[in-house]
Trainee: 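Please read through the structure below; I'll follow up with questions.
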Amino acid sequence: MRYGDTILHNIMLLQQEKLVEYFENNGYPFASCTTTALINEMYDKLLIELSLIIEIGHYVILERVDADVDGKTKPSVISHLMLFKANSIYRQRNIDRGIRRLNRAGIVSITRQPYPALDTRGKWSIVIGAKDMPATSVSGVLGYADEKLSGDIEFSSRNIAGTGRAASFSVYVSESDREIEIYYREPFIGNVNIAPDIYSSWEKYDSTYSTREHKLGVNFPLSFELDSYIGLVVRRTVPGIAGSAVLHSEEFGLEGGLTYTTLNHPTLPTRGVKISTSITGEYLHRWGSNDTEEIGSNGGASAIMAIPTMMWLSLWFRAAGWGWLKPTIPPESDWEYIGGWQNLRGYRENQFSGCRLVWGTLEPRIIPVQSIHIFPFMDFGSYRDSEKWNTKIGYGAGVEFLYGGGVFSIEYGIGAVSYT
């Protein structure tokens with residue numbers, strides 16, 4: 001404010017809030033600010049002299065997180081998920097971002113907002129109240145299209161025995177395809193926020209081929225919203241019958257990725273964005289009727305955006321793409337699939353495959369209560385086979401309900417249009 005300015009109450013309050021926010025983010029959580037006014041009458045005018053009174057309070061260095069958890073989740077898990085660092089200056093901004101990151105993990109809910117407190121040793125800690133959320137679920141999907149059944153079942157847990165360890169096991173079965181996937185993730189190592197994980201899968205595609213794939217990687221945060229990944233991948237493909245067009249192949253490579261997210265819920269968000277990218281470089285060795293060695297690479301990206309428009313409506317946009325960069329047209333055993341409830345509803349699970357894929361969806365989500373989403377949807381998917389690009393469109397409606405063990409979903413889709 002300058003000499004001669006008109007005094008507005010809301011501007012004064014905003015100025016006080018900015019000053020308090022500054023101190024809260026620089027080690028003074030108990031800062032307060034008030035304004036006093038001295039009024040003088042001179043030459044038929046009122047002259048007002050404003051004085052800002054700032055009480056900064058104690059300077060706080062946080063030593064630890066004191067988590068009071070109603071459940072099995074260990075306090076060390078909460079500390080790591082918040083990316084808390086011992087002997088750090090109190091910064092309200094970082095605490096808020098850490099709480100949002102903790103919420104996205106979906107293993108505890110906050111019952112008491114965090115606040116700084118002195119412990120019996122005279123050290124400052126951040127006190128948090130939390131309660132375990134159901135983090136283990138069993139889910140299944142049954143699909144029927146073109147007089148053919150397909151389905152899968154999955155067991156998953158994000159917080160095994162309160163340790164933050166994650167694991168999943170899934171089985172998918174259709175007329176031509178059989179798949180098994182296993183995943184395990186350690187949340188951190190000692191006091192370091194490095195999360196190693198392992199992944200294994202086995203697929204048998206009728207009598208054409210079978211594929212085994214194994215991955216070993218590490219996840220590590222770059223910020224409260226940005227995570228990175230680097231790992232090793234090994235894959236082996238074996239023809240199912242003699243004389244098959246599919247060759248024996250071995251692949252070894254490195255993969256890396258980045259994920260940025262501000263979503264406000266791990267499964268049913270109403271606001272925020274999540275963007276993921278990945279790239280893989282591999283040594284490819286194929287033999288049989290031909291013996292070839294080459295360097296291949298593939299990459300992918302996905303995004304989801306939830307835009308709140310009203311208290312009861314959120315717009316979801318989702319899009320993803322994947323493709324081989326080199327070689328241009330690899331064998332079909334190295335292609336990926338679209339179709340089914342995860343990306344192209346109205347078609348059989350994994351009905352279409354290609355060396356490059358693009359898909360997306362638009363969903364206006366009606367939210368009568370926080371745990372229920374009702375939505376129409378329109379999906380599109382394009383895939384590049386050995387000859388050309390093909391595009392499919394589907395539409396329908398669904399409902400998702402958040403319950404203790406996870407999300408219960410019912411969706412009905414119709415395959416509508418085909419472009420080639």
Side-chain angles (χ1 to χ4, degrees), residues 25-27 61-67 69 73-110 113-114 125-126 128 130 132-133 135 156-160 162-168 183-199 215-233 254-267 269 271-280 299-306 320:
N25 287 310
N26 287 275
I61 301 291
L62 295 173
E63 185 175 272
R64 65 189 180 92
V65 171
D66 184 6
V69 183
T73 301
K74 299 182 180 347
S76 60
V77 174
I78 292 177
S79 177
H80 278 277
L81 288 175
M82 291 181 61
L83 302 187
F84 176 82
K85 295 181 180 179
N87 300 315
S88 60
I89 298 173
Y90 183 99
R91 300 189 190 278
Q92 186 63 48
R93 182 188 305 110
N94 288 348
I95 292 172
D96 293 340
R97 294 169 73 190
I99 289 296
R100 288 194 292 269
R101 184 180 177 91
L102 180 62
N103 288 335
R104 288 194 295 269
I107 64 174
V108 295
S109 59
I110 300 301
Q113 289 302 313
S125 61
I126 190 73
I128 298 175
D132 277 3
M133 293 174 61
S156 65
S157 177
R158 298 186 299 270
N159 191 21
I160 299 174
T163 60
R165 296 183 174 100
S168 66
Y183 173 80
Y184 174 80
R185 179 174 176 174
E186 194 73 15
F188 49 86
I189 300 177
N191 291 321
V192 182
N193 284 313
I194 294 179
D197 62 19
I198 57 174
Y199 168 87
K215 297 181 181 181
L216 174 63
V218 291
N219 301 267
F220 48 95
L222 300 178
S223 72
F224 290 97
E225 295 83 21
L226 183 63
D227 291 277
S228 59
Y229 171 83
I230 186 169
L232 302 171
V233 58
L254 289 171
E255 61 179 350
L258 295 171
T259 299
Y260 173 85
T261 178
T262 61
L263 296 178
N264 64 344
H265 194 275
T267 52
R271 68 173 66 240
V273 64
K274 180 177 181 179
I275 302 172
S276 299
T277 62
S278 65
I279 188 167
T280 301
S302 65
I304 176 173
M305 181 181 296

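Values in this document were obtained by computation on a predicted structure and should not be read as measured data.
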Trainee: Are the side chains of L222 and L258 in touch, meaning some heavy atoms are under 4.5 Å apart?
Mentor: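 The answer is yes, as the side chains (C-beta and beyond) meet within the 4.5 Å cut-off.
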Trainee: Mind checking the NZ-CG spacing from K85 to N94? Nearest 0.5 Å is all I need.
Mentor: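 These two atoms lie 9.0 Å from each other.
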Trainee: Under 6.0 Å from the CG atom of N191, do we count more than 12 heavy atoms belonging to anything else shown?
Mentor: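 Check fails, neighbour count at 12 or below.
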Trainee: Can you give me the closest heavy-atom contact between P187 and G164, atom names plus distance?
Mentor: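 Here P187 and G164 meet closest at CB-O, 3.6 Å.
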Trainee: Kindly compute the distance separating CG (L232) from CG (L216), expressed to the nearest 0.5 Å.
Mentor: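 Here the rounded value is 6.0 Å.
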Trainee: Ignoring hydrogens, what is the shortest heavy-atom contact between G162 and V77? Give both atom names and the distance.
Mentor: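 Answer, listing the atom of G162 first, then V77: O-CG2, 3.7 Å.
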Trainee: What heavy-atom pair brings G106 and A135 nearest, and what distance separates the two atoms?
Mentor: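 Smallest interatomic distance, heavy atoms only, reads O-CB, 4.5 Å.
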Trainee: Could you tell me if T259 and D227 have a donor-acceptor pair between their side chains, going purely by distance under 3.5 Å?
Mentor: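 No pair is found: no donor N or O on one side chain lies under 3.5 Å from an acceptor on the other.
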Trainee: Keeping the roles fixed (side chain from T262, backbone from G272), state whether a donor-acceptor pair exists under 3.5 Å.
Mentor: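 It does not hold such a pair.
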Trainee: Which heavy atom of N219 sits nearest to which heavy atom of Y229, and what is that distance?
Mentor: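 Minimum heavy-atom contact is OD1-CD1, 3.3 Å.
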Trainee: Ignoring hydrogens and angles, tell me if any N or O in the side chain of R101 forms a donor-acceptor pair with the backbone of L83 under 3.5 Å.
Mentor: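 No, the answer is negative, given that no donor and acceptor are paired below the 3.5 Å cut-off.
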Trainee: Any heavy-atom pair between the side chains of F84 and I78 that's under 4.5 Å?
Mentor: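 They are not in contact (no side-chain heavy atoms under 4.5 Å apart), so the answer is no.
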Trainee: Looking only at heavy atoms, which two atoms of H80 and V192 are closest? And how far apart?
Mentor: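 Nearest heavy atoms, H80 then V192: CE1-N, 4.0 Å.
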Trainee: Test side-chain contact (heavy atoms from CB on, under 4.5 Å) on Y260 and V273; report intermediate values, then the result.
Mentor: CA-CA 8 Å; Y260 173 85; V273 64; 4.1 Å; yes
Trainee: So, for R104 and F224, which heavy atoms are closest and what is the spacing to 0.1 Å?
Mentor: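 Taking every non-hydrogen atom into account, NH2-O, 3.1 Å.
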Trainee: Rounded to the nearest 0.5 Å, how far does CD1 of I99 lie from CD1 of I110?
Mentor: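 Here the interatomic distance stands at 4.0 Å.
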Trainee: Give, for atom CD1 of I61 and atom OG of S125, the distance between the pair rounded to the nearest 0.5 Å.
Mentor: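 The CD1 atom of I61 sits 13.5 Å away from the OG atom of S125.
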Trainee: Would you say the side-chain atoms of N25 pair up with the backbone N or O of Q92, donor to acceptor, closer than 3.5 Å?
Mentor: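 Yes: the side chain of N25 pairs with the backbone of Q92.
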Trainee: Hey, is the main chain of Y184 close enough, under 3.5 Å, to the side chain of D197 for a donor-acceptor pair?
Mentor: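 A pair under 3.5 Å: no.
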Trainee: Please assess N26 against I89 for the test side-chain contact (heavy atoms from CB on, under 4.5 Å), listing each intermediate value before the final yes or no.
Mentor: CA-CA 7 Å; N26 287 275; I89 298 173; 5.7 Å; no
Trainee: I want to check something: taking the side chain as every heavy atom from C-beta on, are E225 and T261 in contact at a cut-off of under 4.5 Å?
Mentor: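 The answer is no; the side chains never approach within 4.5 Å.
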Trainee: Any non-hydrogen side-chain atom of F188 less than 4.5 Å from a side-chain atom of S76?
Mentor: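 Touching, per the 4.5 Å side-chain cut-off.
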Trainee: Answer yes or no: is there a side-chain heavy-atom contact under 4.5 Å between V233 and Y199?
Mentor: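 A side-chain contact is absent here, since even the closest heavy-atom pair is not under 4.5 Å.
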Trainee: Got N103 and N264 here, is their nearest side-chain heavy-atom distance under 4.5 Å?
Mentor: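 In short, these two side chains do not touch, never coming nearer than 4.5 Å.
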Trainee: OG1 of T163 to CD of E186: how many Å apart, nearest 0.5 Å?
Mentor: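 It comes to 7.0 Å.
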Trainee: Tell me, do R165 and R185 make a side-chain contact under 4.5 Å, heavy atoms counted?
Mentor: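 Not in contact.
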Trainee: Can you check whether L81 reaches I107 side chain to side chain, under 4.5 Å on heavy atoms?
Mentor: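 Sidechains of I107 and L81: in contact.
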Trainee: Rounded to the nearest 0.5 Å, what separates atom CG in N193 from atom CE in M82?
Mentor: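 Result: 12.0 Å between the selected atoms.
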